[in-house]
S.K.: 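A single structure is presented below for examination.
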Amino acid sequence: MEFPVDLNPQQRIAVDHGTGPALVLAGAGSGKTRVITYRIARLIQTGACRPENILAVTFTNKAADEMRERVHALLGPRRSAEPHISTFHSFCVRLLRRDIHLLGYRRDFSIYDADDQKRLMKQLLKEAGLSESELAPREAIGRISYAKNHRIPAHQYCAHFKAANSEETAELYRKYESRLRQSNALDFDDLLLKAVELLEQHPDRRDHYGNWYRFILVDEYQDTNRPQYEILRLLTSHHKNLFVVGDEDQSIYRFRGADIQNILRFEKDFPGARIIKLEQNYRSTDNILRVASAVVANNQERKGKVLWTRNPSGDVVTCHTGRSARSEAYWVCNRIEEILDEEPGTRIAILYRANFLSRNFEEVLRELRVPYAVVGSVAFFGRMEVKDMLAYLRIIFNPEDDVALLRIINTPPRAIGPTTVELLAKMAAERGCPLSAALADLSRDPARAGRAHRALAAFQSLLDRWASLRDTASPAELLRDIVRDTRYREMLERQESREEAESRMANVEELVRAALESGQRGETVFEFLDRASLASEIDSLDTAARVVLMTVHSAKGLEFDVVFLVGLEEGLFPHALSLDSARDLEEERRLCYVAITRARRKLFVTWTPMRRAIGPEGFVPASPSRFLD
DNA sequence: TAGCGAGGCTTTTTT
DNA sequence: AGCCTCGCTA
């Protein structure tokens, strides 16, 4: 293949960049994914580097898949080896599954997602005698996560944070960490942090991976956090071949630790870095672009790019004020009907700040019989029944996984109630052992008898049976056994309507199929579980859907012909929790910028004063978002 | 002591 | 739609 010529001068400079650090400041719609994929193809094609020595990092699995496909398309079918393209988290998991024993962990660790974290934290709050109204589990997790990402250990927590209940938080932090350790589990933060530790404490590993990955490319650099930055520094310490692409105006993940300073001070961190700006937008009409620029121009924390386009000016951006949340939804959905009537192939998105806003739009779309897809709230791997099945697998392969055990110990109900679970937890705490060990002992204790004991013994024998199959049966076979042995289907049919039970069982079947396929690809059970843990909602987005509903965060990196940005009210967008801080407000503004720049041809913005029926002091009508000005 | 139905409450953003 | 608590029953 002759190398493509459809690159503008700046893009070409970026693609042809040789060795050493480079920062590509790429405005929305300026072709940044294209630059990365072309560059990967170029490095391989010119022989500068073998494919397997390239590491490209993206933010979602979906982005990684797409990048892989595009590189394939550019290079054609001559498969010798593949460049390594994945998310930071998946990359770190791979590293850790191989080398984490060097840090004193076992390689069969479990991964705790947000839901698992919350369960663990609730348990800890209960043990500490704190009510959830004193300290919300999510709040506690958030603080601990912040401290971890800034490398502040529990015993130094109070010295850094002087909030009212920082002592309680520090104590929870200490217990949280020791419980994770004891459960042979890592949370999402740990996946990155342990990778940093590994590379820092074991220079031979750092050199090994650093030498292997000769060229490292990073997408969405503006959303990297501190541990991610450190991983990049460690891996590139010798060769400095770090090529990052990002847009400071699209940095929207501060709440989960992203540090916009990473992109703002790139030249300081990597002296001699080449800086390339991509300012020509190929996506949107000029009118849309001008609206976007006007919003984000109010920000201070910028490097300053001037986006421009050769596209036509297009329609003006329309703002609609709804009489109520419901009528806002009707207005939007009626416009959608009209648009699809005229041009059935149009790809349309309804974007909002918070998930719960989807409800009205979903209901109205259903009423009008317009097919749609929602991203969010209930992703496949987040479904109750799927998580139950995965918890069974986890406890079989990592018996120390307390959160998994607690999840399924009485699901389906098998007469192991709160009192019995409490007793197990007390035993485990006293002996400092995992719950499964306490369970095994208690269920085999000949001195005990009675109903509760019989229930425990029956459950233990189920666990023993599955454990004996662990090394011979495939995960898919195990899952089938679990469904059968636990009478899971019967539980669903007892608890829910027939339809509901059917659809949940269909999800379980789907999971079995996924396990089967994973096995056929030759993956281990851990690779299967890892993918389930790291899958995100956007990964499974059906790109064929004409109308999609999602949060603005989920929409980052996507584009649509027509965008409806809804719920533009003070307190909602910008969100009430961001109003006190200038930095948070800037992030809300960037979020708004992201939303606007998703649109190719048409943009509608809507709001309504009448969204919240109840406030603290009765009804309070909302004001239009400041972003509308 | 476990199970179950009723009823109230609540929703920032997520790898 | 999911989470919790409460009160009743076996």
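To find a chain, count down the sequence lines: A is the first, B the second, and so on, and within it residues start at 1. Not measured: the values here are computed from a predicted model.
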S.K.: Do N299(A) and R589(A) have side-chain atoms, one donor and one acceptor, less than 3.5 Å apart?
M.R.: yes

S.K.: Just compare dT14(B), dT12(B), dT11(B) and give me whichever is closest to any side-chain atom of N355(A).
M.R.: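 My answer, after comparing the listed nucleotides, is dT14(B).
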
S.K.: For H575(A) and dT12(B), do the ring centres fall under 5.5 Å apart while the planes stay under 30° apart?
M.R.: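 Stack criterion met.
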
S.K.: For dT14(B), does OP1 or OP2 lie under 4.0 Å from any side-chain N or O of S554(A)?
M.R.: yes

S.K.: Could you tell me if the side chain of T411(A) sits less than 4.5 Å from the side chain of M491(A), heavy atoms only?
M.R.: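 The answer is yes, as the side chains (C-beta and beyond) meet within the 4.5 Å cut-off.
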
S.K.: Between D115(A) (CG) and dC3(C) (P), how many Å, whole number?
M.R.: 7 Å

S.K.: If you measure from the ring centre of Y253(A) to the centre of the six-membered ring in the base of dT14(B), is it under 5.5 Å, with the planes under 30° apart?
M.R.: no

S.K.: Any donor-acceptor pair under 3.5 Å linking the side-chain atoms of T224(A) with those of N262(A)?
M.R.: yes

S.K.: Rounded to whole angstrom units, what separation is found between the CD atom of E220(A) and the P atom of dT13(B)?
M.R.: 19 Å

S.K.: Would you give the length of the straight line joining atom NZ of K148(A) to atom OH of Y173(A), rounded to the nearest 0.5 angstrom?
M.R.: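 If I round to the nearest 0.5 Å, the distance is 6.5 Å.
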
S.K.: Distance check needed: dT14(B) P versus Q228(A) CD, whole Å only.
M.R.: 16 Å

S.K.: At under 4.0 Å between heavy atoms, what does F59(A) touch on the DNA or RNA strands: base, sugar-phosphate, or nothing?
M.R.: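 Counting heavy atoms under 4.0 Å across all strands, the contact made by F59(A) is with sugar-phosphate only.
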
S.K.: Rounded to whole angstrom units, what separation is found between the CG atom of L534(A) and the P atom of dT14(B)?
M.R.: 16 Å

S.K.: Within this structure, what is the OH-to-P distance between Y146(A) and dT15(B), rounded to whole angstrom?
M.R.: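 So the OH-P distance, Y146(A) to dT15(B), works out to 22 Å.
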
S.K.: I need a per-nucleotide contact map over nucleotides 1-6 of chain B, read 5' to 3'. Cutoff is protein heavy atoms under 4.0 Å; write B for the base, S for backbone only, - otherwise.
M.R.: BSSS--

S.K.: Pairs in or reaching into residues 563-578 of chain A: which pass salt bridge (Lys or Arg N to Asp or Glu O under 4.0 Å), with residues at least two apart or in two chains?
M.R.: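 Salt bridge (Lys or Arg N to Asp or Glu O under 4.0 Å) check on residues 563-578 of chain A returns E569(A)-R611(A), E570(A)-R626(A).
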
S.K.: Hey, is CZ on R94(A) packed in by over 12 heavy atoms from elsewhere, all under 6.0 Å?
M.R.: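 Open: at most 12 neighbouring heavy atoms sit under 6.0 Å from CZ of R94(A).
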
S.K.: Distance check: side-chain N/O of K122(A) vs OP1/OP2 of dC4(C), anything under 4.0 Å?
M.R.: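 Answer yes for this pair, as a side-chain N or O of K122(A) is under 4.0 Å from OP1 or OP2.
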
S.K.: Check whether any side-chain nitrogen or oxygen of T551(A) sits under 4.0 Å from OP1 or OP2 of dT14(B), and answer yes or no.
M.R.: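 Checking dT14(B) against T551(A), a side-chain N or O does come within under 4.0 Å of OP1 or OP2.
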
S.K.: What is the distance from CZ of R119(A) to C1' of dC3(C), rounded to the nearest Å?
M.R.: 11 Å

S.K.: Looking only at side-chain N and O atoms, does Y209(A) offer a donor or acceptor that is under 3.5 Å from a partner on D99(A)?
M.R.: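 Yes, Y209(A) and D99(A) have a side-chain donor paired with an acceptor closer than 3.5 Å.
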
